[in-house]
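Everything on this sheet refers to the single structure shown next.
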Amino acid sequence: MRPIVARIDSAALAHNLMVARQAAGSTRLVAVVKANGYGHGLARVGQALRAADGYAVLTLDEAATLRAQGLSHPIVLLEGFFHPDELPEIARRRLIPVIHRDDQIDALARARVEHRIDCFLKFDSGMHRLGFAAAPARAALQRLRALPQVGQVTLMSHFAHADEPEVGVATQLADFRAATQGLTHAVSLANSATLLRYPEARGDWARPGIMLYGANPFAGQTGADLGLLPAMHLESRIIATHHLRRGEGVGYGHAFRAERDLKIGVVACGYADGYPRHAPTGTPIMVEGRLTRTLGRVSMDMLYADLTGIPGAHVGSPVVLWGAGVPVETVAAAAGTIAYELLTALAPRVRIEAT
Ligand SMILES: *Cc1c(COP(=O)(O)O)cnc(C)c1O
């Protein structure tokens, strides 16, 4: 068996949910489990987070996977529905679509459904991704409330700068409050960054994602700074070693050349496993429990680790690509991306081992 494995730690997921609970106070938590539970496996994550008050996904298939696990929580569909044909199943499975366009309300008005459908009504408070501007949102709310197909309506918005402390959520929050003045509906505003940093914007239903998987949404920090535990450990082994003489190159393009004589290890992990190809020489990696650096260009199935200072390293030595001791945030930052992308890009060919 090829030695690469992603170990998924269910206890870490449950622990991180508790950290979110502590930040949330009485705010209820919709665990965001889109993108296959941020790469950790939807069914497994759904079970590990069953103490959440609800889940958020994108598709009916994802919602069906959660229901098949026996999970009867509220499930929010973050992009709503894509076609009116989906409405009967949404009603039958008691899913909660996000309503962000007028034609979705037209479709609800025409739908024959066996139960009322609870909805999240999305206000665009400045991100300009999904949702209605202030005045059309009030009109949309009036329409929704008049429909016999519609049950409870929760008012929702999303912040563009919650993870950037210099900007924050104040402007969007003020615009959302102005747009919803006088309304007594429940409100859902907060992703992980908002939940952690802006208690005034917690709302009634928060929507944490990344923090549940143990990663920190703020640049330059790691999950450990928040008491979070990594839920994914991407591990492999050394499958070959070489001695490079000073000046010799390694890998495609000889993107790394030895500054001095050194010993390197070839690791069974490449970009086709989800490791970022843009991770340059110097990206942190752990071999035999010792932090070291990657060398040269990541190839499809392999990459290189500097074994200087790890005299015990040999073929078969354990390697941590990210997880305990190698925060996924630091690997992501080295590659010019964010932990979200690395976790969700874990390739299907990587064996998952659940603990
Ligand atoms: C993905 C998503 C979230 C979760 O965001 P995190 O930064 O992972 O906490 C919350 N709300 C919406 C609308 C999203 O699309």
Side-chain angles (χ1 to χ4, degrees), residues 13 16-17 19-24 27-40 42 45-46 49 52-59 62-63 74-82 95-101 119-132 137 154-165 167-169 172-173 176 186-199 201-219 221-223 226 228 230-232 328-329 332 337-346:
L13 290 163
N16 296 336
L17 181 65
V19 174
R21 280 262 183 246
Q22 276 155 21
T27 294
R28 281 166 292 180
L29 296 179
V30 173
V32 180
V33 296
K34 61 191 177 186
N36 194 30
Y38 285 49
H40 296 62
L42 178 56
V45 167
L49 298 176
D53 303 298
Y55 299 100
V57 295
L58 300 183
T59 66
E62 292 170 309
I75 299 178
V76 177
L77 299 170
L78 287 170
E79 294 180 348
F81 54 94
F82 303 95
L95 310 179
I96 305 172
V98 169
I99 303 302
H100 60 91
R101 291 196 320 255
C119 296
F120 273 32
L121 175 61
K122 191 148 194 185
F123 285 60
D124 177 11
S125 57
M127 181 154 173
H128 302 133
R129 192 170 66 176
L130 294 185
F132 296 93
T154 298
L155 311 181
M156 171 193 187
S157 198
H158 194 64
F159 298 117
H161 297 287
D163 57 340
E164 298 164 77
V167 192
V169 304
Q172 274 190 255
L173 183 60
F176 177 78
V187 162
S188 176
L189 299 172
N191 61 0
S192 299
T194 307
L195 181 63
L196 290 163
R197 201 176 288 240
Y198 302 102
R202 275 182 210 146
D204 302 291
W205 292 89
R207 309 184 302 268
I210 194 72
M211 69 178 295
L212 302 178
Y213 306 95
N216 192 318
F218 300 104
Q221 301 185 18
T222 65
L226 298 167
L228 301 169
M232 183 192 294
V328 65
E329 297 94 327
T337 184
I338 53 178
Y340 298 73
E341 188 179 15
L342 300 196
L343 296 174
T344 59
L346 183 75

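Computed from a predicted structure; not experimentally measured. We count ligands from 1, going down the list as the structure has it; atoms in each ligand are counted the same way. Just the heavy atoms: all of them, side chains too, but no hydrogens, waters or symmetry mates, feed the values below.
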Go through M156 and I99 one step at a time and tell me if the side-chain contact (heavy atoms from CB on, under 4.5 Å) criterion holds. CA-CA 10 Å; M156 171 193 187; I99 303 302; over 6 Å; no

Contacting atoms of ligand 1, where contact means under 4.0 angstrom from a heavy atom of K34: 1 (C), 2 (C), 3 (C), 14 (C), 15 (O)

Honestly, for M127 the part within reach of ligand 1 (heavy atoms, under 4.0 Å) is neither

Residues which pass side chain to side chain donor-acceptor pair (under 3.5 Å) with Q221, listed by chain and number, not counting sequence neighbours: N216

In terms of heavy-atom contacts, D124 and G126 come closest through OD1-N, 2.9 Å

Can you see which heavy atom on G168 is nearest to which on Y198, and at what distance? CA-OH, 3.2 Å

Output all residues satisfying side chain to side chain donor-acceptor pair (under 3.5 Å) with N36, sequence neighbours left out; order by chain, then residue number. none

What protein heavy atom lies closest to atom 9 (O) of ligand 1? Include the residue and the distance to one decimal. S192 OG, 2.5 Å

Quick one: look at P208 and ligand 1, take heavy-atom pairs under 4.0 Å, and tell me if it's side chain, backbone, both or neither. backbone

What is the closest protein heavy atom to atom 13 (C) of ligand 1, and at what distance does it sit? H158 ND1, 3.6 Å

Only heavy atoms count here, so choose which of R207, M211, E79, K122 is nearest to atom 10 (C) of ligand 1. R207

Within the 4.0 Å heavy-atom shell around Y38, which atoms of ligand 1 are there? 1 (C), 4 (C), 5 (O), 6 (P), 8 (O)

